[in-house]
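For reference, the structure discussed in these notes is given below.
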Amino acid sequence: MTGDSFVIKWKENNLLIDGGMPNTYGEIQRKVQGNNLRAVFVTHVDYDHIGGVINLIKQPEIDISNCTFFMNNPDLASNYNGSEVRYEHGDTLQKMLQQRGTDFLPVTKDSVPIEIEGLKITPILPTQSLCQKLCDNWDLSRTWDEVKGDYDYLKSQKNNGDIINKASVCLIIEYAQKKVLMLGDSHADDVKESLKEFEEYKFDLVKLSHHGSKHNTNAGLLELIDCNDYIISTNSNKYEHPDPETIKLLSNRAREKGCEFNIYLNYPIEGIIRQRYMQKYNAELDSLTFIFQQDVEL
């Protein structure tokens, strides 16, 4: 499947970052079963990131009484009809959560780090400026329907500058001297700027942005980050991610460092990645070790 969904486990607790497509819920349920679900982060409102969260909220057997929900702008938090990126993916999601007796809390770069039983979560994006641009585009994409007494959405959504992805929540997660960087579908230059401000560069694991899209990772970001282990989350079908350009950047950087990068895959797509790389560059891929492994222990 396309989409992102990650369960982070520590002690007897779970943290969920995004929910993938709606049918990802079954896997989420299996992963969180038996442990406390302490927090859920929705990085942005793409269909392939919130479908499983919607289904989780709809299930009364999932205990969310001790769980805090976060997203970049709760006021923009819906129906998921179709699979395209739509702002309406945000509005009803919030209403459903309110029916369970809780609500989303906002999370931006300016938010105070969140600590849960030894786990530290530091938001590094989005900035307030990116959130405001998201709001502006959102408002332009919906109209008030007097008959329904609710908002309706334009078929042609306003997404200037890819703002839905650009305003993704990005997190640094720390536990027991291990540090992970989760990049949602963010843009590389925004991540670089924030990492410099936070003076954070060394990580044990990095979840690459936007399933390895060439539009969301650049050489400058990989040069800034000190990490040899990366996650690419995709089945490589619909959008043919990861792009060969991103794979080349990773290979080049590993070669520059004189080491091998480990690339963790949630689907067995190494053959597809190597084939597309050969077609693009007429060369064999080196300095990368692909590991099909859905559970990564640090």
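Annotation: salt bridge (charged side-chain N to carboxylate O under 4.0 Å, His left out) contacts involving residues 14-26, sequence neighbours excluded, are absent.
With hydrogens and angles ignored, the 3.5 Å screen pairs no side-chain donor or acceptor of S168 with any backbone N or O of H44. At least one donor-acceptor pair under 3.5 Å links the side chain of N216 to the backbone N or O of D185. Of the possible donor and acceptor atoms, one in the side chain of N55 sits under 3.5 Å from a partner among the backbone N and O of P22.
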Test side chain to side chain contact (heavy atoms under 4.5 Å, CB included) applied to M71 and V169, step by step: CA-CA 7 Å; M71 69 181 300; V169 174; 5.7 Å; no
Audit row: Y175, I8, side chain to side chain contact (heavy atoms under 4.5 Å, CB included) steps and yes/no: CA-CA 11 Å; Y175 182 74; I8 295 176; over 6 Å; no
Ring pair (Phe, Tyr, Trp, His ring centres under 6.0 Å) evaluation trace for H49 with H211: CA-CA 12 Å; H49 287 249; H211 324 292; 5.8 Å; yes
Check against side chain to side chain contact (heavy atoms under 4.5 Å, CB included), I54 and K58: CA-CA 6 Å; I54 290 174; K58 288 166 62 177; 3.8 Å; yes
Worked check of side chain to side chain contact (heavy atoms under 4.5 Å, CB included) between I116 and L15: CA-CA 10 Å; I116 309 171; L15 163 68; 5.8 Å; no
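Residue G20 comes nearest to S5 through the heavy atom pair N-CB, 3.6 Å, listed as atom of the first residue, atom of the second, then distance. Considering all non-hydrogen atoms of both residues, D46 and N165 come closest at OD2-OD1, 3.0 Å. Residues F203 and V180 approach most closely at CD2-C, 4.2 Å, considering heavy atoms. Between I231 and L205, the closest heavy-atom pair is CD1-CD2, 3.6 Å. The shortest heavy-atom contact between L130 and A167 is O-CB, 4.1 Å. Minimum interatomic distance between N228 and C259 (heavy atoms only, all atoms of both residues): OD1-SG, 3.8 Å.
D190 pairs by the salt bridge (charged side-chain N to carboxylate O under 4.0 Å, His left out) definition with K166, not counting sequence neighbours. With sequence neighbours left out, K178 forms a salt bridge (charged side-chain N to carboxylate O under 4.0 Å, His left out) with no residue at all. Taking the salt bridge (charged side-chain N to carboxylate O under 4.0 Å, His left out) definition, one finds that K207 meets it with D4, sequence neighbours left out. Taking H187 as the reference, nothing meets the ring pair (Phe, Tyr, Trp, His ring centres under 6.0 Å) condition, with sequence neighbours excluded. Taking the side-chain contact (heavy atoms from CB on, under 4.5 Å) definition, one finds that Q128 meets it with T108, D110, sequence neighbours left out. Under the side-chain contact (heavy atoms from CB on, under 4.5 Å) criterion, P113 pairs with K120, T122, not counting sequence neighbours. Residues that satisfy the ring pair (Phe, Tyr, Trp, His ring centres under 6.0 Å) test with F70, not counting sequence neighbours, are F41. Scored by the side-chain contact (heavy atoms from CB on, under 4.5 Å) test, R100 finds I57, I64 as partners (sequence neighbours excluded). Residues forming a side-chain contact (heavy atoms from CB on, under 4.5 Å) with E117 (at least two apart in sequence, or on another chain): W10, K11, N13, R38.
Screening T68, D63, L56 for a side chain to side chain contact (heavy atoms under 4.5 Å, CB included) with L37, the sole residue that qualifies is L56. Considering V107, I17, L171 as possible partners of I121, the one that fulfils the side chain to side chain contact (heavy atoms under 4.5 Å, CB included) test is L171.
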Exercise answer: donor-acceptor pairs, residues 277-286 side-chain atoms, under 3.5 Å, sequence neighbours excluded:
| from | atom 1 | to | atom 2 | distance (Å) |
| --- | --- | --- | --- | --- |
| K280 | NZ | E245 | OE2 | 3.3 |
| D286 | OD1 | S251 | OG | 3.1 |
| D286 | OD1 | R255 | NH2 | 2.8 |

Show me, pair by pair, the donor-acceptor contacts under 3.5 angstrom made by side chains of residues 289-298, not counting sequence neighbours?
| from | atom 1 | to | atom 2 | distance (Å) |
| --- | --- | --- | --- | --- |
| T289 | OG1 | E260 | OE2 | 3.2 |
| Q293 | NE2 | D295 | O | 2.7 |
| Q294 | NE2 | N266 | O | 3.0 |
| D295 | OD1 | K31 | NZ | 2.7 |
| D295 | OD2 | K31 | NZ | 3.2 |

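Salt-bridge formation is detected for the pair R30/E27: a Lys NZ or Arg NE/NH1/NH2 atom is positioned less than 4.0 Å from an Asp or Glu carboxylate oxygen. Residues D243 and R276 are not paired through a salt bridge, judged by the lack of any N-O separation under 4.0 Å between the basic side chain and the carboxylate. Ion pairing of K133 with D136 is absent here, as no side-chain N (NZ or NE/NH1/NH2) approaches a carboxylate O to less than 4.0 Å.
With a 6.0 Å radius and a threshold of 12 heavy atoms from other residues, nucleotides or ligands, E270 has its CD atom above the threshold.
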